[in-house]
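Note on naming: letters A, B, ... go to the chains in the order of the sequence lines (proteins, then strands), and numbering restarts at 1 for each one.
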Amino acid sequence: MMTSAETGQPPVAIAVRDLTVAYNDQPVLWDIDLDVPAGVLMAIVGPNGAGKTTLIKAVLNLVRPAAGSVEILGQSYRQSRDKVGYVPQRGSVDWDFPTSVLDVVQMGRYGALGWIRRPGPRDRELALQALEKVSMRDFADRQISQLSGGQQQRVFLARALVQDAQVYLMDEPFQGVDATTERAIITLLKDLRTAGKTVVCVHHDLQTVPDYFDWVALLNVRKIASGPVSEVYNDTNLRLAYGGRVAFLSRDSAAPATAQSVPEED
Amino acid sequence: MLSLTAGQMEVQIVAIVVAVACALVGVFLVLRQMAMMSDAITHSILPGIVVAFFLVQDLSSPFLIIAAAATGVLTVSLVELLNRTRLVREDAAIGIVFPALFSIGVILIARFAGGIHLDLDVVLLGEIAFVPFNRTTLFGVDLGPTALVMMTIILIINLLFITLFYKELKLATFDAGLAAALGFSPALIHYGLMSLVSVTAVGAFDAVGAILVVALIVGPPVTSYLLTDRLWVMLALSAGIGVLIAVSGYWMARGLDASIAGSMATMTGVIFMVAYLLAPGRGLIALAFRRRRQRWEFAGTMLAIHLLNHEGLPSAEQENRVDHLQEHLNWDSDFAERAVRHAERHQTVVRQNRHLYLTEKGRQRAREAIVR
Amino acid sequence: MFPEVFTDIYSDYTIRNITLGATVLGLVSGSLGTFAVLRRQSLLGDSISHAVLPGIILAFMLTGSRDPLILILGAAIVGWLATLSIMAIVNTTRIKQDASLALVLSVFFGFGMVLMTFVQRQPDAAAAGLSRFLFGQAAAIIWDDVRTMLIIGSLALAILFVFWKEFKLVVFDRAFALSLGMPVQRFDVLLTSLLVIAIVIGLQTVGVILMSAMVVTPAAAARQWSDRLGVVTILAGGFGALAGVSGALISAYTARMPTGPTIVICLTAIVLFSLILAPNRGLLWAWVRQHRQSRDIRSRVVLGDLYWLSQQHEGVDHGHSMAALEAMSAGRVAVDHGLEDLERAGLAQRIDGDHWTLTEKGRQLAVSDLNDEDQDQRDA
């Protein structure tokens, strides 16, 4: 396989090839081809049940695909694992678990620590720095159940930051957070992009896509479109992804669409 | 050998009545995902029974049943109370409450019931073979073994409750929110059901003991759940399976000269295993067949979509080569070859010079699959 | 009785075995139980502990030996088999976890009962010893049992210590652990094996029917005292040991006092104490906090009303009747108690009998309260 330097194309952070994922032979993703260029801030949008979370999980090798493959920075996930940071959905863990904020953030260092070794002073320092970046340093010793939703999300982000990765995959980082946290998160994500990192977020709020992201993938079991927001984020593609379930606010279909997802049953 | 004495016949009938009564309430416990509550209640009503027994000194007194029902409701309330403090989760709350109550019961028996007819083994394991010796008479007429009289009454109560409140039970089981909105109190139904479970358990105690009641409450509904989708069929099937358990368990015990209650529980497991393997549509064997069929169908659809996605694109020449499927779809060559042959047989693709092309039928199939 | 117990621990061989055995058992099952409770497997523990009965009896029937190691091995194998059956039923049918647990529990136990009738039919006196596996019998613990518990228990605790960090992550955030490439399923198997060990280790002392309490209750109690997993685990071990020792000794010294139930009663006392009195999470403190809060709200309401009244009249020293305040609060709060609290805090003072006015300190507080309220409204 040729490297990006040889072909003269922009380097690809994540390359998804012919990916099909099924749960009990019920297809969730059909034959997805997707290239995420390095250094973009990308949103994955699509209706509920479109397979957004599954796509992220397949990239992370958390679910076994029925067909196809994924490469991260030109390598398999197994080889590039230490270059990938992951922010799961906030609701996926038990926040009454007896542990502290600092402890959760230090979990981001477990990959680097390897087996059996415990986190040391250096890991602690890195964790505190990451907490500083999300303005949560003062909460380091708090029990995690005493945090608000937005604070919990920041802790998860801090944990991803200490992973010091090249590619970040985030599952709905804006889900149920307050306005302040949302602003803080987007600033942080843009800082990551400036630092040359690639960030991929599952995103729900169609209105904010043009403001927050520069790259987008529209998904509904199959890939509808992907590319720069200015090129592919339009009425036509949104209609293809959401069917008739989107109320469009923009009249000019040439302009980037601002649309609102109509609540639906999952 | 197959002839039964009158006493053995009575044992058999008691076993059947107990099994049916348990199976009926069990259906709702299983559907409400509260099966482990039956384990909790059958253990925790023990202190209620013991205290009532100390007061009336008669194991067959209806007072014992009332006390047991009250203790059962107490158990449910204690679990809910603990759960509501949000200091422990529901499963842990159950795990704390029933051992505590059961322990009180066991200690009471061990310390104060020495010599009286309330033996730990009997409470725990039951001894259905002794059932015919304890008889109920009314106005000098022998009505039959006390256990049979008691269990028949309990069975009738269960049947009445289920027939009268069938609609409410159904609604509260499948949509508690709607039930509440329509003015049927789900809490009332819940506690009513729990009282029935307690009453049934105490009636069955004598015959099969605390732990094996659980087998009779959970086994038949779980087995029938593999066989039907309709509530009333499930109730009828559960009752039938209860009878089957009672009869086969009795004969197993006679054949092996082993504990009747233990044999009934064992037969519960055997009958479940049979349904688990053979149930039409849901059994393990049917499932394996379906998986096999679906696997190739799925692979065929996957192939069709793959070809459709690249049709007419410059990359098509690369993507549609048979020997490239291995690389692109990450299929091993054997699997790829078999999938292609399956697709050819179903006329969704044609092979020309080691390249694959969709037929119109294949295109149709791919489009149908991706547009939901 | 009690001083006698303490001298006996040093002199009496039996008592020493009981104490040691119960301590090891409580320590191991309590600390391993923490993970079971956090994984929401409290009831799995109950199911396994009942289901191991046929394992014990089969081990005895096959080997004819009452060696604790062999019986425990038999129990562990069948405990694993039960766990696998439960998982298989949940994964391949639409039967839910709870029904699957209850079914396996009762069927396995029932099969154990059938086997038990075979064993009891044998004239061999050794078979009689098996019935103590139902409710446990502390007095029958011999050094062999203690040694077996010690070996298996230390092994289990060592595994817990070595993979501490991994266990914590796998239980807290499975998806993240997977993304780091951890063999999460293997850790699941290992954790469930530890649960099986936690259960079988206490079977002779506590018995199959109540053993699950040894796993669940100490962890639930310990969780109330700390928010750190390490502390919770150690405390759970401590509570387990405490209940184990006190229960076993009470049972050994009292006639007709079955060991298992006695230990469970001790555990229940510990968990009740913890639920009510543990700092921060305890129900008593929650109640006190709530009471204090509602008192604080009452004072603030009365303070605000008093301030409003003073604004309507010239002069701060003008007294206002309690009747006026009661009319303002319209029964929302108990004005008389509120005024007493304010007086005690030096925020309000009584002038001529039934009339009240704010102190300077009270006036300042009322003004700052009002400003805060305005700020809140602007924010909203």
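In this structure, C:Asp98 and B:Leu29 approach most closely via the heavy-atom pair OD2-O, 4.4 Å. Closest of all the heavy-atom pairs between C:Leu38 and B:Arg89 is O-NH2, 3.5 Å. When every heavy atom of B:Val218 is checked against every heavy atom of C:Leu103, the shortest pair comes out as CG1-N, 4.1 Å. Contact between B:Gly95 and C:Leu43 at its shortest, heavy atoms only, is N-CD2, 4.3 Å. Taking both residues in full, the closest heavy atoms of B:Ser259 and C:Val114 are given as O-CG2, 4.3 Å, listed atom of the first, atom of the second, then distance. B:Leu212 approaches C:Ser106 most closely through the heavy-atom pair CD2-O, 3.7 Å.
In this structure, CD1 in B:Ile260 is found 12.5 Å from CE in C:Met113, a value given to the nearest 0.5 Å. Interatomic distance, C:Leu283 CG to B:Thr85 OG1, rounded to the nearest 0.5 Å: 5.5 Å. Note that CG of C:Leu210 and CZ of B:Phe102 are 6.0 Å apart. Values are rounded to the nearest 0.5 Å. Remark: B:Leu287 CG to C:Thr92 OG1 distance equals 7.0 Å, nearest 0.5 Å.
Counting heavy atoms from C-beta outward, B:Ile94 and C:Val216 have side chains that stay 4.5 Å or more apart.
Contact count versus chain B (heavy atoms, under 4.5 Å) is highest, among C:Arg40, C:His50, C:Lys96, C:Gln97, for C:Arg40. Ranked by heavy-atom pairs under 4.5 Å with chain C, the list B:Leu284, B:Asp257, B:Ile217 is led by B:Asp257. Top candidate by heavy-atom pairs under 4.5 Å with chain C, chosen from B:Thr268, B:Val222, B:Val270, is B:Val222. Contact tally against chain C (heavy-atom pairs below 4.5 Å) for B:Met267, B:Gln33, B:Glu90, B:Met34: the top residue is B:Gln33.
Proximity to chain C is limited to the side chain of B:Asp39, based on heavy atoms less than 4.5 angstrom apart. Contacts of C:Ala88 with chain B are made by both backbone and side-chain atoms, with heavy-atom separations under 4.5 Å. Interface residue C:Val271: only side-chain heavy atoms are found under 4.5 Å from chain B. Of the two parts of B:Leu256, the backbone and the side chain both hold a non-hydrogen atom closer than 4.5 Å to a non-hydrogen atom of chain C. C:Thr262 touches chain B through backbone and side chain together, each having a heavy atom under 4.5 Å away. Using a 4.5 Å cut-off between heavy atoms, C:Thr268 touches chain B through its side chain atoms alone. Residue contact with chain B, scored on non-hydrogen atoms closer than 4.5 Å, involves the backbone and the side chain of C:Ser42 alike.
Formation of a donor-acceptor pair under 3.5 Å by the C:Arg281 side chain with backbone atoms of B:Leu87 is found in this model. Judged purely by atom type and a 3.5 angstrom limit, C:Arg94 has no side-chain atom pairing as donor or acceptor with the backbone of B:Arg282.
Under the side chain to side chain contact (heavy atoms under 4.5 Å, CB included) rule, B:Thr266 has a single partner from C:Phe109, C:Phe111, C:Phe108, which is C:Phe111.
Within 6.0 Å of the CZ atom in B:Phe289, the count of heavy atoms belonging to other residues, nucleotides or ligands does not exceed 12.
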Residue pair B:Phe272, C:Ile89: steps toward the side chain to side chain contact (heavy atoms under 4.5 Å, CB included) verdict: CA-CA 11 Å; B:Phe272 173 78; C:Ile89 293 173; 3.6 Å; yes
